[in-house]
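To start, the structure under review is shown below, and the notes come after it.
In what follows, chains are A, B, ... by sequence order, proteins preceding strands, each numbered from 1. Small disclaimer: the values here were computed from a predicted structure and weren't measured.
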Protein chains: 2
Amino acid sequence: MEKLYEGKAKIVYKTEEPDKVVIYFKDEATAFNAQKKDIIEGKGILNNKISSIFFNLLEKNGIPTHFIKQLSDREMLAYKTTIIPVEVVVRNLATGSIVKRLGITEKTPFNPPLIEFYLKNDQLGDPIICYEHILALGLATEEDIKKIKELAFKVNQVLKDFLKNIDIILVDFKLEFGKKDDESIVVADEISPDTCRFWDAKSGERMDKDRFRLNLGDLSKYYEEVLRRLEGEKS
Amino acid sequence: MEKLYEGKAKIVYKTEEPDKVVIYFKDEATAFNAQKKDIIEGKGILNNKISSIFFNLLEKNGIPTHFIKQLSDREMLAYKTTIIPVEVVVRNLATGSIVKRLGITEKTPFNPPLIEFYLKNDQLGDPIICYEHILALGLATEEDIKKIKELAFKVNQVLKDFLKNIDIILVDFKLEFGKKDDESIVVADEISPDTCRFWDAKSGERMDKDRFRLNLGDLSKYYEEVLRRLEGEKS
């Protein structure tokens, strides 16, 4: 298959149909703008399976995504999109970068959830941007941003409610949006413990990439536990 | 006089009237979150005089400010305000921090002008924030922000047009807003070459604090030239 794009954690391949791509999930783990790197065997498989469950869930709730179906352990069939170069973060509780950046107390709840935008640009270190920068840089239109915000909040509500049932707190997450050939905006990229913060509702343990960022170890074990609970709930 | 507050470049004193304060302009110059410091003799006098002219100009154009009158070389009488802890930056041309932060080409024009918000917090290094953070942190209400944006764009238009007549390009500037005892929002702090970027329209020379930031020298000479042109124009 012809490679269209290779990122830090995934490879996108062409298919015979021009509007569809295959996304291959790698085992690479990176953090702090790729200054910290490792290979965690099986992570790609877990993220593909977890993402597939989440994308299915969103679709069932009327939220458009690029997802078509899971093809294999590491492969997902998806609609080809042009990624809008804005990473969208939704925060329910304050943790991570925002705590230090704005001097907010750890675990402060955001009501309503806080939405943030970051310029998707590794060379610049994905700097935070605002609505005004998105327009000034021509990254998206006013209507696009309105749609993206609406979808991001919906995704938060759907995921948060679903995860609550399996004793997982959705702390925050990052979404990417893409435009399909028909110009419609859909949730793209992945939705996994690499891109979300999941805390166990009972123990408070981190079940996400913070285990790698903060050297807590046992990443696969916790990703497997997330998948186990998701599979239990969906069936 | 009783000191109410001392900042990096100004001191605010109580007066006998509870709704009025005296602002004293110091000669201290600071940059890069006060990592670079110096005393530039006479700077306080120049900034007080220049600010007084600008505040007068804004008032004449129907923009509310804290300014009442210039009292002496270094002193201004102003309404007492509670400062909203959000620094508002309006940019007509890209230069300074934004160029590096977002990878924008130097001198790129912003049409419409780009407005940015920064959390007024020296300890945190005045981090950039967005509309959503202002609400989440309770720094201002939706109505406050709407008013602040409206006033900031008006200030830009009035200053830009006025400065154009005296061959000065208004590149960007920082405003602070305060709430008077009657809860009305006014332009506060100062408007001077310490808080604005002024470029000579003919030579392109910098006539502002970048002379200090970038070690270009002759700061007083250029601030005096700004004052000279302003006094010529207003008379």
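Interface residue Ile129(A): backbone and side-chain heavy atoms are both found under 4.5 Å from chain B. Leu102(A) touches chain B through backbone and side chain together, each having a heavy atom under 4.5 Å away. Contact of Gln123(A) with chain B is not made at all, since no heavy-atom distance falls under 4.5 Å. If you measure heavy-atom distances from Leu114(B) to chain A, the contacts under 4.5 Å come from the side chain alone. Using a 4.5 Å cut-off between heavy atoms, Tyr131(A) makes no contact with chain B at all.
Within 6.0 Å of NZ on Lys36(A) lie more than 12 heavy atoms contributed by other residues, nucleotides or ligands. By the 6.0 Å contact criterion, NZ on Lys147(B) is open, its count of non-hydrogen atoms from other residues, nucleotides or ligands being 12 or less. For Lys14(B), the NZ atom counts as loosely surrounded, since its 6.0 Å shell holds 12 or fewer non-hydrogen atoms of other residues, nucleotides or ligands. Within a 6.0 Å sphere centred on NZ of Lys8(A), other residues, nucleotides and ligands contribute more than 12 heavy atoms.
Arg101(A) places none of its side-chain heavy atoms less than 4.5 Å from the side chain of Leu119(B).
Here CZ of Arg91(B) is found 7.0 Å from NE2 of His133(A). Values are rounded to the nearest 0.5 Å. Annotation: the span from Thr108(B) atom OG1 to Leu137(A) atom CG amounts to 9.5 Å, rounded to 0.5 Å. The structure places CD1 of Ile128(B) at 5.0 Å from SG of Cys130(A), a figure rounded to the nearest 0.5 Å.
The greatest number of non-hydrogen atom pairs below 4.5 Å with chain A, out of Ile104(B), Ile98(B), Ile115(B), Asn111(B), is found for Ile115(B).
Scanning all heavy atoms of the two residues, the minimum distance from Lys100(B) to Leu124(A) falls at O-CD2, 3.5 Å.
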